[in-house]
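The block underneath contains the structure these notes are about, expressed in structure tokens.
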Amino acid sequence: MTLNLFYFLSFVAVFSALMVVFSKNPVYSALYLIVTLFAIAGHYILMKAEFLFVVHIIVYAGAIMVLFLYVIMLLNLNKDSEPHKSSILKFAAAICAGLLLIVLVGSLKGTEILVRAETNTAATIGDVKSLGKVLFTDFLLPFEIASVLLLAAMVGVVMLGKSEKEH
Amino acid sequence: MISFILYKAILVVVIFGITLFVAAYSTYAERKVAAFLQDRIGPDRAGPFGILQPLADGLKFIMKEEIIPNVSNQGLFVLGPSIAMLTALMAGVVIPWGGSLTIGGESYTLQIIDLNVGILYIFAVVSIGVYGIMIGGWASNNKFSLLGAIRASAQMISYEIAMGLSIIALVMLTGTLSLREISQMQAGGLNGDWTFWNVVYQPVGFIIFLICAFAECNRTPFDLPECETELVGGYHTEYSSMKLGFYLFAEYINMFVSSAVIATLYFGGYNFPFMNDLGLDQNLITIIGTIVLFLKIGFFIFFFMWIRWTIPRFRYDQLMNLGWKVLIPVAVLNIFISGLIAVL
């Protein structure tokens, strides 16, 4: 049952991820991306990580993708207004994305040991309390660095928004 | 196992039915309250006191001609109201509607599922709900609809942040995200376990949450997405028949669910004063508790309507200023002070 669900969710995730790339209409791409995010959130449920599931949906599907859609709708992008990109740009983008994928896979490679150490408490992995404990003890430094990074991004956005007005 | 599934299935159907019933009669109550506040009579033709008005309205919506504009995106046009209705109905799953009934030695809890992240689940559902409006507004291929959809999404994202922050202070107080545990914490009696409703400990948080609930439900004074003086009908300009009905109905369901969440988080949920001191049977206490919860919900629904017919609509910049420059700083300050009090 769980395995079948896993295959189903994976199929939905991969299929809609492909549709994100192949859709001509940017609004469809964004909607397929939302479906992908839901399918990935479903994997968290399979791992009994309800907290991650809910937070994933709130943050990605509920906030970030709404902003994506918002911008796409506001700009009213469609086939006619799509800027023509030279093939060298497309080539460069593909290589960059591929390199990013390698970095992501590489960074995940070392985490197997960590995961195995933590899954001794597999039953409580989705529990808010145990997640909080792990975040604030073993992973405190990466957690704080991530929050500083987000803060820096926020400050940057405010700066950009401000300088526009003065001109 | 079978009895467990049966009991959950019955509970789901009953809650579904009650939600629809309350939402239907909220439309009637809205018109009656509006009439009362404006010194009119209100609907009084269908049945005694117009009590059958919601049925007549529903029938009218179903019988009307269904129009899907040629220039619209037809799949998404139908998807919009469906998502709005679906997400509105999904939120009732985690709300504790009552204590537990003991029938024939078996204990039945009046809640469909007690997630340990109940509050966050409600947030997730609410944040998905905006897609119904966005998709519908965009698929209509109408400038007014699009403007309404864009307003709705900007408004909901802005107020979700303040809402989340106001809840953090409450969660710091209760130490749990489960709605059932939060309402159980507010149960109390005279025998040394005297506890107040959370609104006593979190008055500022409650006011922020209430204002944000108005904004999330697109209720006046925050109903700019469907501001008829500027946008014809906002995101549902192109909709007709039951699809329009779904949008309007989803708003009333959202109002019902928000009232239930407010009652549960801040006003003791299904608990009532002296519930453990009256020496009543546990089943009777559960039933009275559920009735009390519905009375609280009824009061908040009335409050939603009361505000609607009292306060005029905000201007859009006022809405954004209130959300970002007032509610969010106050909510952060509230977290800070609550933390300080909790530590001291």
Side-chain angles (χ1 to χ4, degrees), chain A residues 19 23-35 37-38 40-42 44-45 48-79 123-133 150-151 154 157-158 161, chain B residues 73 75-76 79-80 83 87 90 94 113-143 145-161 163-164 167 171 174-178 181 216 235 324:
Chain A
M19 290 305 288
S23 295
K24 288 280 178 201
N25 191 329
V27 172
Y28 278 125
S29 288
L31 292 177
Y32 275 116
L33 190 52
I34 295 165
V35 177
L37 291 169
F38 269 97
I40 291 169
Y44 288 130
I45 282 282
K48 296 204 167 52
E50 286 121 348
F51 180 73
L52 282 179
F53 162 76
V54 167
V55 169
H56 187 264
I57 286 184
I58 292 176
V59 173
Y60 287 99
I64 293 177
M65 285 318 293
V66 173
L67 283 179
F68 266 53
L69 263 183
Y70 180 86
V71 172
I72 291 170
M73 286 177 182
L74 204 63
L75 295 178
N76 202 12
L77 293 174
N78 50 40
K79 260 180 262 176
T124 58
I125 194 166
D127 194 26
V128 187
K129 275 199 184 98
S130 52
L131 193 74
K133 252 179 208 149
L150 286 175
L151 187 68
M154 262 163 69
V157 168
V158 172
Chain B
N73 190 322
L76 294 182
L79 190 68
I83 291 181
T87 53
M90 268 166 67
V94 291
I113 184 165
D114 181 23
L115 281 182
N116 61 13
V117 287
I119 298 183
L120 293 179
Y121 172 85
I122 300 254
F123 270 80
V125 170
V126 167
S127 61
I128 300 162
V130 69
Y131 285 119
I133 294 175
M134 283 188 87
I135 291 173
W138 181 79
S140 303
N141 202 357
N142 174 323
K143 288 205 166 53
S145 304
L146 184 65
L147 274 174
I150 283 172
R151 278 186 178 188
S153 51
Q155 172 181 329
M156 280 181 139
I157 285 192
S158 309
Y159 280 79
E160 252 166 43
I161 298 168
M163 201 180 207
I167 284 294
V171 170
T174 57
T176 175
L177 293 169
S178 153
E181 282 174 35
E216 295 285 319
Y235 58 90
W324 289 95

Interatomic spacing from OH in A:Tyr70 to CE in B:Met156 - rounded to 0.5 Å: 14.0 Å

Rounded at 0.5 Å granularity, tell me how far CD1 in B:Ile128 sits from CE in A:Met65. 13.0 Å

Grab the two heavy atoms, one from B:Met134 and one from A:Leu69, that are nearest each other, plus how far apart they are. CE-CB, 3.6 Å

Which portion of A:Tyr28 sits near chain B, non-hydrogen atoms under 4.5 angstrom: side chain

Non-hydrogen atoms of chain B under 4.5 Å away: do they reach the side chain of A:Ile34, the backbone, both or neither? side chain

Heavy atoms, side chains only, cut-off 4.5 Å: are A:Leu31 and B:Leu79 in contact? no

What are the two closest heavy atoms between A:Val66 and B:Ser127, and how far apart are they? CG2-O, 4.5 Å

Contact origin within A:Val55 toward chain B - heavy atom pairs under 4.5 Å: side chain

Considering all heavy atoms, the nearest B:Leu120-A:Ile58 contact: O-CD1, 3.4 Å

When the 4.5 angstrom heavy-atom criterion is applied to B:Leu76 and chain A, the contacting part is side chain

Pick whichever of B:Ala154, B:Ala124, B:Gly164 has the most heavy-atom pairs under 4.5 Å with chain A. B:Ala124

Check whether B:Ile157 gets within reach of chain A through its side chain, its backbone, both or neither, counting any heavy atom under 4.5 Å. side chain

Using side-chain contact (heavy atoms from CB on, under 4.5 Å), reason through A:Glu50 and B:Tyr121 one step at a time and then give a plain yes or no. CA-CA 9 Å; A:Glu50 286 121 348; B:Tyr121 172 85; over 6 Å; no

